[in-house]
**Student:** 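Here's a structure for you.
A note on names: the letters A, B, ... follow the listed sequences, proteins ahead of strands, and every chain is numbered from 1.
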There are 2 protein chains.
Amino acid sequence: MAVEKKTPLDTRALIINTALKLFSEKGIFNTSVQDIKRTANISIGSIYHHFPGKDAIVRALYEELLAKMQDLIEGIDQQYASAHDRCREVVRQIFIMTEYDPDAVRFVLQGRHLEFLPNEQPICSSRPFELMKDMVRDGITAGEIQGGDATLLAACLFGGPLRMVSLRLDGILDRPLPEQLDDVWTCAWRAVSA
Amino acid sequence: MAVEKKTPLDTRALIINTALKLFSEKGIFNTSVQDIKRTANISIGSIYHHFPGKDAIVRALYEELLAKMQDLIEGIDQQYASAHDRCREVVRQIFIMTEYDPDAVRFVLQGRHLEFLPNEQPICSSRPFELMKDMVRDGITAGEIQGGDATLLAACLFGGPLRMVSLRLDGILDRPLPEQLDDVWTCAWRAVSA
DNA sequence: GTCTATATCATGATAGAC
DNA sequence: GTCTATCATGATATAGAC
């Protein structure tokens, strides 16, 4: 039986993952570095060796999740051609992610980090959200989506689905989101289709 | 010139209003009781005379704003007959309130209090949101809104407008929301109308 | 790189005069 | 009811051994 040896990367990831779990459960402010220490079974010193402070943990987590989300959306952009198919796939992926990694979705979409990290841009100014707006813009140009302001139309298209995500994360909805994708998407697309 | 005398009610209201302003600016956790004391120009003792603690201030604020919102929606229920008109008026009122009292809307809709007050129900389980769902339910029964799950349809109907509110509060949208009511509502209603 | 022990500080809350 | 002065707690962060 091989002896497992912890690499620095393991510890860093352990800290990040533990933090995400605790942040999601109790909130960022209610989670102390001591909590992370206890839950992860490591020492304070080790945490402060990997991160300058709690701020840095929150920031690293946010950037990591945002990058993951960006990759996902860029992949969709290449794989699908029409605005309809692209946007639908975005919603589908978010619905799936909400089920198997609710902590990550809560952290990114609920934008809890904003209260903790001052002078940070709101999530809707981030690259992934810009890409989603671009999808809508392309759809308008292509005549798939009705003419009008892209920001407004993006809000109307994704507003319903994102609201469903919030409700699901808050435990209001019993059924898994992917099961309800067709119904939600039908409504969402009707709102903006040309 | 009459001498103004501060009544207890004044002080209580002063505390609540100051708290709301600070909570909105810096977040609940980043606002200390000392901050409220300084901004309101009163003493710590006075604050703790009116409220048992910071928790109580947050709770009182939340309940007050929620009650105000409930009154508003119940008024709409009586004044309008069809689901279409009722729901549209709800959106219109929220849009207006977002402009003239953004702090209140941010506090209630963003649900910041949840992270501070543990074991508190999420905002979407609150009475006003239930009333909005009832409006949708009635609309389904009346044949104005397509058949289906009321929760899902309510999310699809109000999701877009609420997203617009978030964007406006985050400073993403330059134009006042009421100016965009017609466009937003057209999209929202198309999503769910029978 | 990881640990323990500790310094420093801000916060929520209280006591008691007026 | 309002005030000032103070306490007690728990947080972030650091120092230094191993």
**Student:** Check whether any side-chain nitrogen or oxygen of A:Thr11 sits under 4.0 Å from OP1 or OP2 of C:dT2, and answer yes or no.
**Tutor:** yes
**Student:** Within this structure, what is the CG-to-P distance between A:Asp35 and D:dA13, rounded to whole angstrom?
**Tutor:** 14 Å
**Student:** Whether A:His49 contacts C:dC3 is assessed here as follows: a side-chain N or O lying under 4.0 Å from the phosphate OP1 or OP2. Is that the case?
**Tutor:**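 For C:dC3, neither OP1 nor OP2 has a side-chain N or O of A:His49 closer than 4.0 Å.
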**Student:** Start with the C-alpha gap between A:Gln78 and A:Glu74, add the side-chain angles, then the distance that decides, and say whether side chain to side chain donor-acceptor pair (under 3.5 Å) holds.
**Tutor:** CA-CA 7 Å; A:Gln78 294 182 334; A:Glu74 280 171 349; over 6 Å; no
**Student:** Nearest whole angstrom, please: distance from the C1' of C:dA7 to the CD1 of A:Ile44.
**Tutor:** 14 Å
**Student:** With respect to the side chain of A:Tyr48, which nucleotide from D:dA11, C:dA13, D:dT14 is positioned closest?
**Tutor:**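 Per side-chain heavy atoms of A:Tyr48, the pick is D:dT14.
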**Student:** From A:Ile123 CD1 over to B:Ser166 OG, what is the distance, rounded to the nearest 0.5 angstrom?
**Tutor:** 12.0 Å
**Student:** So does B:Pro176 get a backbone contact from the side chain of B:Glu99, meaning a donor-acceptor N/O pair under 3.5 Å?
**Tutor:** no
**Student:** Do A:Thr98 and A:Arg168 have side-chain atoms, one donor and one acceptor, less than 3.5 Å apart?
**Tutor:** no
**Student:** Nearest-nucleotide wise, let me know which of A:Phe29 and B:Ser46 is further upstream toward the 5' end of DNA chain D.
**Tutor:** B:Ser46
**Student:** Taking the nucleotide of DNA chain C with the closest heavy atom to each, which residue, A:Gln34 or A:Gly45, is nearer the 5' end?
**Tutor:** A:Gly45
**Student:** Find the distance A:Asn41:CG to C:dT2:C1' and express it as a whole number of Å.
**Tutor:** 14 Å
